[in-house]
Amino acid sequence: MPNIEEISVSDDGPASEKEGLYLKTRISALWGARSVTYDNAFGHGFCDETHRTLWRSALESNARPREGLRVLDVGCGTGFLSLLLADLGCTVTGVDLAPDMLARARAKAEAARLSITFRDGDAESPPFGPETFDLIVCRHVVWTLPDPEAAFRNWHRILVPGGRVMPVEGTWTPRTLWEHLCVGLANVMERLVPTPNYDPGWQVHYPGNSTNLPFFGGPRAKILAAALERAGYEILCVDRLEDVVAHERAHAPLGRKPYFWPGRRYIVVGQKR
């Protein structure tokens, strides 16, 4: 992956592509820097074994895992989905642009004695040939992509006919007046009782924003489902992950409690037409 300082604008090639590369490099660097503490942040890792079991059940219901199912985890990070699906018998490949995240994922897979292939790769354009995978998954990745609809088309190409796509997403940015009030109150509570490994001002200094990341802060489920339909998928279901969300909120730090924080999680399941 190129160093941020090595990227310069010249006359060869569209400026938008260079800007996209620069943005992706900055985003990759940010998540790489957070790799050591990522799993300890609320909502990123597991609260407890019950939390792990709830996620496992959600994947069993939506991904239909089986022995030998070829799964690609795009933007795999530290391997949250990769490890769960490999443990369910799937043949998993994870790609990510952040080498530090991949190193953490490999270490976790080795500790769990799971055979998973992790490699450098761009979530928007994974480096694989047509009809390579039966299932493509991602978690908290779509909102970070400069061109999510191009990503969905690329994923469509590398899925087998009838293959499934299964993004796990959420809404993290307030949109209504009530949500803004809730987030304002949450930020007050964060100043009084800070949540470990959480930055309430992350949106201010994140490398991208709503002008260059179409789904910045997380799309609503119906918006994501519509984008997948335009890319050639039939929407099979939307799982609101009610049990997972309820458990997370029961164990949430004060500033993340449901009466302070309006965010939601969900899974959209699409099938290649």
Side-chain angles (χ1 to χ4, degrees), residues 1 4 19-47 74-81 96-102 104-105 123-124 138-148 151 167-221 223-224 241 244-245 248-249 251-266:
M1 180 178 61
I4 293 175
E19 291 165 2
L21 175 59
Y22 178 72
L23 180 58
K24 287 180 183 181
T25 303
R26 292 178 61 209
I27 290 172
S28 170
L30 179 144
W31 291 114
R34 293 189 58 189
S35 62
V36 174
T37 60
Y38 181 85
D39 290 336
N40 298 326
F42 172 67
H44 290 178
F46 297 111
C47 301
V74 291
C76 64
T78 63
F80 184 95
L81 293 179
D96 202 284
L97 278 176
D100 292 334
M101 285 286 198
L102 290 171
R104 297 283 295 178
E124 280 190 357
C138 61
R139 180 174 182 258
H140 305 166
V141 169
V142 167
W143 73 267
T144 71
L145 302 178
D147 194 345
V168 179
E169 270 300 329
T171 55
W172 323 119
T173 300
R175 291 171 172 83
T176 67
L177 176 59
W178 173 249
E179 289 178 351
H180 278 283
L181 290 172
C182 288
V183 171
L185 183 56
N187 289 338
V188 170
M189 298 308 301
E190 285 293 340
R191 286 193 287 271
L192 296 174
V193 187
T195 300
N197 300 309
Y198 177 72
D199 174 13
W202 67 270
Q203 295 185 54
V204 175
H205 53 72
Y206 192 79
N209 52 47
S210 57
T211 63
N212 47 32
L213 300 177
F215 292 153
F216 182 73
R220 295 189 184 279
I223 301 298
L224 178 53
L241 296 173
V244 169
V245 171
E248 289 176 351
R249 290 187 162 181
H251 293 77
L254 186 59
R256 307 292 94 190
K257 290 293 186 184
Y259 39 83
F260 293 135
W261 185 246
R264 297 288 187 274
R265 259 189 235 280
Y266 61 83

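In this chain, residues are counted from 1 in sequence order.
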**Item:** Interatomic distance, Asn40 atom CG to Asn197 atom CG [nearest 0.5 angstrom]
**Value:** 5.5 Å
**Complete:** In short, Ala123 meets Leu145 closest at the heavy-atom pair CB-CD2, 4.1 Å
**Asked** Could you go step by step and tell me if His205 and Asp199 meet the side chain to side chain donor-acceptor pair (under 3.5 Å) rule?
**Response** CA-CA 10 Å; His205 53 72; Asp199 174 13; 2.3 Å; yes
**Asked** Do any N or O atoms from the side chain of Arg265 and from the backbone of Gly43 form a donor-acceptor pair under 3.5 angstrom?
**Response** yes
**Request:** Report yes if the side chains of Glu19 and Asn212 come closer than 4.5 Å at any heavy-atom pair, otherwise no.
**Result:** no
**Prompt:** Are any non-hydrogen side-chain atoms of Phe42 and His251 less than 4.5 angstrom apart?
**Reply:** no
**Pair listing, salt bridge (charged side-chain N to carboxylate O under 4.0 Å, His left out) test, anchored in residues 138-147, at least two apart** = none
**Request:** Kindly write out the residues that satisfy side-chain contact (heavy atoms from CB on, under 4.5 Å) with Ala105, not counting sequence neighbours, or none if the list is empty.
**Result:** Phe118
**Prompt:** Does the Thr25 side chain pair with the main chain of Leu21, one donor and one acceptor, at a distance under 3.5 Å?
**Reply:** yes
**Request:** Could you list the residues that satisfy side-chain contact (heavy atoms from CB on, under 4.5 Å) with Leu192, not counting sequence neighbours?
**Result:** Val188, Met189
**Asked** Would you find a donor on one side and an acceptor on the other, under 3.5 Å apart, between the side chain of Asp39 and the backbone of Gly45?
**Response** no
**Request:** Report the relative orientation of the aromatic rings in Trp172 and His140; use parallel for angles under 30°, tilted for 30 to 60°, perpendicular for over 60°.
**Result:** perpendicular
**Message:** To the nearest 0.5 Å, what is the distance between CG on Leu213 and CG on Leu23?
**Reply:** 5.0 Å
**Request:** Anything under 30° is parallel, anything over 60° is perpendicular, the rest tilted; go ahead and classify Trp143 against Trp31.
**Result:** perpendicular
**Prompt:** So, the side chain of Thr195 versus the backbone of Pro253: is there a donor-acceptor pair under 3.5 Å, distance only?
**Reply:** no
**Prompt:** Do Thr176 side-chain atoms and Glu179 backbone N/O form a donor-acceptor pair below 3.5 Å?
**Reply:** yes
**Message:** Test your reading of the model: is there a side-chain donor-acceptor pair from Glu169 to the backbone of Ala221, 3.5 Å cut-off?
**Reply:** no
**Any side-chain heavy-atom pair of Tyr206 and Arg26 under 4.5 Å** = no
